[in-house]
K.L.:
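One structure is given below, represented as structure tokens, and several questions about it will come after.
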Amino acid sequence: MKVMKFGGTSVGKPERMQQVAKLITTGNEPTIVVLSALSGTTNSLVSIGDALAKGDKQEAKRIIETLEAHYHTFVKDLLKKEATFQKGEAIIAGHFDFLNIILKISFNEALNKDILAQGELMSTKLFSAYLEEQGIDHVLLPALDFMQIDANDEPYFDAIRVKLNRLLDQHKGTKLFITQGYICRNSKGEVDNLKRGGSDYTASLVAAAVKGSVCEIWTDIDGMHNNDPRMVKKTRPIEQLSFDEAAELAYFGAKILHPTCIWPAQQEKVPVKLLNTMQPEAPGTTITQDAGSTGAKAVAAKDGIIAIKIKSSRMLLAYGFLRKIFEVFEKYKTSIDMVTTSEVAVSVTIDTDAQLAGILKELEPFGTVEVDKDQTIVSIVGNEIAQTPDVLQKLFTSLGKVPVRMVSYGGSRHNISVLVPAAYKTETLQLLNKGIFGLE
Ligand code: ASP
Ligand code: MG
């Protein structure tokens, strides 16, 4: 069994969706296809929820109408036979009726999750109608029947595995399954989701649950690149990465893959491939247990970082000081990315200011607290990178006059991170592209 996941842009236009139908029917292996919502849809659904939360029904109605018009055009261009076209129209009507009913009832968070689920429900049903029109045998597996999160909003993997395999057993002989990315049920049985960009996570969970031969993530770029193509001119795709390297890259800014999606595939040792819908022959990036080679493979940047420095002479020779500081962050459920310490000061970074005020208030009694906002973490990721001495030398030689605020080295064997002011991000990425990868 293999898993193929297609993102929003891969299904966002009728011709793209038709291309997806070709890609999923080329091999002989039984396949589970995971689809995102059509590109832009989830953003619109978020806006509908936001408008309703503010009590602005007019605005919500306006967004619903615009979205509905978009889907009518989509169906007209996708489905050419009368019967399937009518089916497509009925699918849209059903989902937009639902959205219009929501306008009339009182809004709450559970309802918001229902709204957000409409995108993936529509994309998979429309795709299924297209497959039917093409005479391609398949079964639509409702993700809401097997995808589940627990009370902490984390995937409940054992339940997913049991339920999904039970469903698949009911369709012995079927070679092609279609299901929704992103959506799931929560511990209360309500419709929920795996957070924005969560379709990758669905794919990885599904691939792990069936112990698939491969989990293919199809997007509109030919794999993970060694640097951010929006910031530097020349980048190249990375052929092979280990799961650990890929997780670091995804977490530290490579947009192509959702950061949390690595662990299920890694746990069951299912290789992940990042492939390009527009260029299906390109090798893309393969992610396995094995890193393939040592040395620096890529740099990635994560924006919106806040650095917090706590300076205290009481830290001198004291024990338990770091624990107390970390406990403050734990209390506010805020994860720390980078840490550096000296004998009398500790600097940490966080990527959200949601709980900043509370955190700062509780840190104050420990000493002098300084905050630097608008920082960027630039990470150099590679295999055994901390054992490759020339990477460190190249890093600092290439950075030249860039004011580095923090350095994290040796924490993991796959990563060296520097913290720079956001204004220096592009320059840093360009300098490293030349200094480390020899690309200009
Ligand atoms: N449709 C969802 C989103 O846009 C999930 C996904 O595309 O992965 O966030
Ligand atoms: Mg997406």
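Both counts, for ligands and for their atoms, begin at 1 and track the order of listing. None of the values given here were measured: they were computed from a predicted structure.
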K.L.:
What distance do Leu141 atom CG and Ser128 atom OG have between them, rounded to the nearest 0.5 Å?
P.N.:
10.5 Å
K.L.:
For Gly198 and ligand 1, answer yes if some heavy atom of the residue is under 4.0 Å from a ligand atom, otherwise no.
P.N.:
yes
K.L.:
For ligand 1, is there an atom lying under 4.0 Å from some heavy atom of Gly197?
P.N.:
yes
K.L.:
Where does the angle between the aromatic ring planes of His171 and Phe177 fall among parallel (under 30°), tilted (30 to 60°) and perpendicular (over 60°)?
P.N.:
perpendicular
K.L.:
Test side chain to side chain donor-acceptor pair (under 3.5 Å) on Asn276 and Asp222; report intermediate values, then the result.
P.N.:
CA-CA 5 Å; Asn276 187 354; Asp222 55 343; 5.0 Å; no
K.L.:
Who gets closest to atom 5 (C) of ligand 1 by heavy atom: Arg196, Gln180, Lys195, Glu120?
P.N.:
Glu120
K.L.:
Under 4.0 Å from a heavy atom of Ser199: give me the atoms of ligand 1 that qualify, with their elements.
P.N.:
5 (C), 6 (C), 7 (O), 8 (O)
K.L.:
Can you find an N/O atom of Tyr182 closer than 3.5 Å to an N/O atom of ligand 1?
P.N.:
no
K.L.:
Please say whether the positively charged group of Lys80, taken as NZ for Lys or CZ for Arg, lies over the ring of Phe85, i.e. under 6.0 angstrom from the six-membered ring centre and within 45 degrees of the axis.
P.N.:
no
K.L.:
Which ligand 1 atoms are under 4.0 Å away from a heavy-atom of Ser36?
P.N.:
6 (C), 7 (O), 8 (O)
K.L.:
Should the pair His258 and Tyr201 be assigned to parallel (<30°), tilted (30 to 60°) or perpendicular (>60°) ring geometry?
P.N.:
parallel
